[in-house]
Amino acid sequence: MKFGGTSVADAERLRRAAQRIVAKREAGNRVVAVLSARGRTTDFLIAEAQEISPNPDPREMDMLLSTGERQSCALCAMAINDLGHRAISLTGSQAGIVTDTSHTKARIVEVRADRIHDALDEDSIVLVAGFQGVSTTKDVTTLGRGGSDTTAVALAAAIGADICEIYTDVAGVFSADPRIVPGARKLPVVSFEEMLEMSASGAGVLQLRSVEYARNHGVRIHCRSSFEDGPGTVVVGEEETVEQPLITAVTHSTEEARVTLKGVPDTPGAAGRIATVLAEGNVNIDMIIQNEPVTEGDRADMSFTVPRSDLGDARAALAPLAAELGIEVHTDEAMGKVSIVGAGMRSHPGVAAKVFSTLGDEEINIEMISTSPIKISCVIAGDRVPGAVQALHAAFALSGSETIQAEKPFGRFT
Ligand code: ADP
Ligand code: ASP
Ligand code: MG
């Protein structure tokens, strides 16, 4: 069971999470629960660091950020003890979550779950601080924003859990962020393939890495509400879906930045060198466009998007190469992205045309486009994102019963 930040934000909610955990235990299950930092604790810790230092050392950042989830776990253990059950809280490191050494966005390389097994064998409920681990060089690391989802999935895989329940502040995965489209539809099931595209394009309800990890390790995810009972969304293998909807969801992100490189030498190897310095700087590049020069021998322009939080790293990584090659670097911080995802679009022409005309009708300018077989993404101005999401959700009639849905039993997990 994993509880997100809103689900443990105040004393009453934290006690309610404790009660849910205890109820699972009393129903005869052995329970490991992963908790996130309370409310906006992680945001506050980041702001605190920035107040002290404009460019905080990543190792120290991880020491700081990892404290948020430890608080939640210790407090929840107290609440569970008061309910008459034994609970033990563990840091990511104590829980055996071993990561690589990339501070603030570390990847889990191994889970050594023996301490968890021992505690379960002693009949304890085990509470693990989400979003963190210990690196192969013994430093505390964090797993990137939203990383507690990945902690939960990795632990579920390591202990062979029956199910990984992600309890959050919405009732499951919806056809769009319900905060932007109040009429969005809850999806009873969603395939890994679609969920990966959704998470990658901004549906933060499940962190992308948690979905990748679940697919690679065969973990069953059930994403559901912390506040009400009833089934949420089960993420299933493609082979388990019966029908494929044309479009499953509209996703968005307002956290994009664009980098434009003017005057890139039009020679083989230039793009490779640019991508290499960015990769070495641990910057995730998303969409890339290169304009070939009209006249031979001229220089090219290249634009790409990065998460806004990576922009500082991108600038730093590019600076030496830009100086060497005489490239001008321009950045635009206020970009957004809207995407539609659906396994059914693979075999249906005309979807892109409908997306572009819908945005055109709203007078929204498309600045960059990228596609995969089951996704179309458009980069647009950040402030136009909510309107774009609503227009696309309406254009593809995603609220209504006319959407063809994959139906699969999931009652066993509810
Ligand atoms: P938690 O703190 O529980 O991890 P998050 O804030 O990380 O919660 O994720 C839940 C939020 O994800 C919701 O409150 C919702 O606003 C947002 N969200 C974005 N896209 C979707 C979507 N397609 N379906 C459901 N929620 C979404
Ligand atoms: N507390 C971390 C964050 O806010 C991790 C998480 O909530 O999953 O990103
Ligand atoms: Mg989250």
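Every number for a ligand or one of its atoms is a count from 1 in the order of the listing. We use all heavy atoms of the structure for the numbers below, so side chains are in, but hydrogens, waters and symmetry mates are not. We count residues from 1, following the sequence as given.
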(request) Determine, considering heavy atoms only, which of Arg179, Arg185, Lys2 sits nearest to atom 14 (O) of ligand 1. (result) Arg179

(request) Using side-chain contact (heavy atoms from CB on, under 4.5 Å) as the criterion, point out the one residue from Leu311, Thr260, Leu318, Val306 that pairs with Thr331. (result) Leu311

(request) Return the residue, atom name and 0.1 Å-rounded distance of the protein heavy atom closest to atom 3 (O) of ligand 1. (result) Thr168 OG1, 2.6 Å

(request) Can you pull out the closest protein heavy atom to atom 24 (N) of ligand 1? Residue, atom name and distance to 0.1 Å, please. (result) Phe174 N, 2.9 Å

(message) Exactly one of Lys375, Arg346, Arg215 should register a salt bridge (charged side-chain N to carboxylate O under 4.0 Å, His left out) with Glu193. Which one does?
(response) Arg346

(message) Starting from atom 2 (O) of ligand 1, what is the nearest protein heavy atom, named by residue and atom, and what distance separates them?
(response) Gly5 N, 3.1 Å

(request) Indicate yes or no: at least one non-hydrogen side-chain atom of Thr248 is less than 4.5 angstrom from one of Met195. (result) no

(request) For atom 9 (O) of ligand 1, grab the closest protein heavy atom and report residue, atom and distance to one decimal in Å. (result) Val205 CA, 3.5 Å

(request) Using a 4.0 Å heavy-atom threshold (strictly under), name the region of Ser36 that reaches ligand 2: side chain, backbone, both or neither. (result) side chain

(message) Tell me the protein heavy atom at minimum distance from atom 25 (C) of ligand 1, and give that distance in Å.
(response) Gly172 O, 3.3 Å

(message) Looking at non-hydrogen atoms alone, which of Asp177, Leu206, Thr251 comes nearest to atom 19 (C) of ligand 1?
(response) Asp177

(request) Check whether any side-chain heavy atom of Leu196 sits under 4.5 Å from a side-chain heavy atom of Leu208, and report yes or no. (result) yes

(request) Assess Ala176 for proximity to ligand 1: is some non-hydrogen atom of it under 4.0 Å away? (result) yes

(message) Is there a polar contact between ligand 2 and Asp149, counting only N or O atoms under 3.5 Å apart?
(response) no

(request) Mind checking the CG-OG1 spacing from Leu143 to Thr150? Nearest 0.5 Å is all I need. (result) 6.5 Å

(request) Heavy-atom contacts with Asp169 under 4.0 Å: which atoms of ligand 1 show up? List them by number with element. (result) 10 (C), 11 (C), 13 (C), 14 (O)

(message) So if I apply the side-chain contact (heavy atoms from CB on, under 4.5 Å) rule between Ile97 and each of Val134, Leu90, Leu155, which one comes out positive?
(response) Leu155

(request) Can you confirm whether something in the protein, heavy atoms only, sits under 4.0 Å from atom 6 (O) of ligand 1? (result) no

(message) Any atom of ligand 1 sitting under 4.0 Å from a heavy atom of Ser148?
(response) no

(request) Under 4.0 Å from a heavy atom of Arg145: give me the atoms of ligand 2 that qualify, with their elements. (result) 3 (C), 4 (O), 9 (O)

(request) Answer with yes or no whether Gly4 contacts ligand 2, where contact means a heavy atom under 4.0 Å from a ligand atom. (result) no

(request) Before accepting this row, confirm whether a basic side-chain N of the pair Arg220/Asp162 lies closer than 4.0 Å to the acidic partner's carboxylate O. (result) no

(request) Might you confirm whether atom CZ of Arg308 has over 12 heavy atoms from other residues, nucleotides or ligands at distances under 6.0 Å? (result) yes

(request) For Glu69, take its heavy atoms, then give the atoms of ligand 2 lying under 4.0 Å from any of them. (result) 1 (N), 2 (C), 5 (C)

(request) Could you tell me whether Arg273 and Glu324 make a salt bridge, using a distance below 4.0 angstrom between a side-chain N and a carboxylate O? (result) yes

(message) Counting non-hydrogen protein atoms only, what is the nearest one to atom 1 (N) of ligand 2? Give residue, atom name and distance.
(response) Thr42 OG1, 2.8 Å

(request) Flag the pair Glu212 and Arg107 as a salt bridge only when some basic side-chain nitrogen lies within less than 4.0 angstrom of an acidic carboxylate oxygen. (result) yes

(message) Against ligand 1, does Pro178 come closer than 4.0 Å with any heavy atom?
(response) yes

(message) Tell me whether ligand 1 is touched by Ser7 - counting only heavy atoms on the residue side and a distance under 4.0 Å.
(response) no

(request) Determine, using heavy atoms of Gly146 and all atoms of ligand 2, whether some pair is separated by less than 4.0 Å. (result) yes

(message) So if I count the atoms of ligand 1 from 1 in the order they appear, which ones are less than 4.0 Å from some heavy atom of Val173?
(response) 24 (N)

(message) Can you confirm whether more than 12 heavy atoms, excluding those of Lys262, are under 6.0 Å from its NZ atom?
(response) no

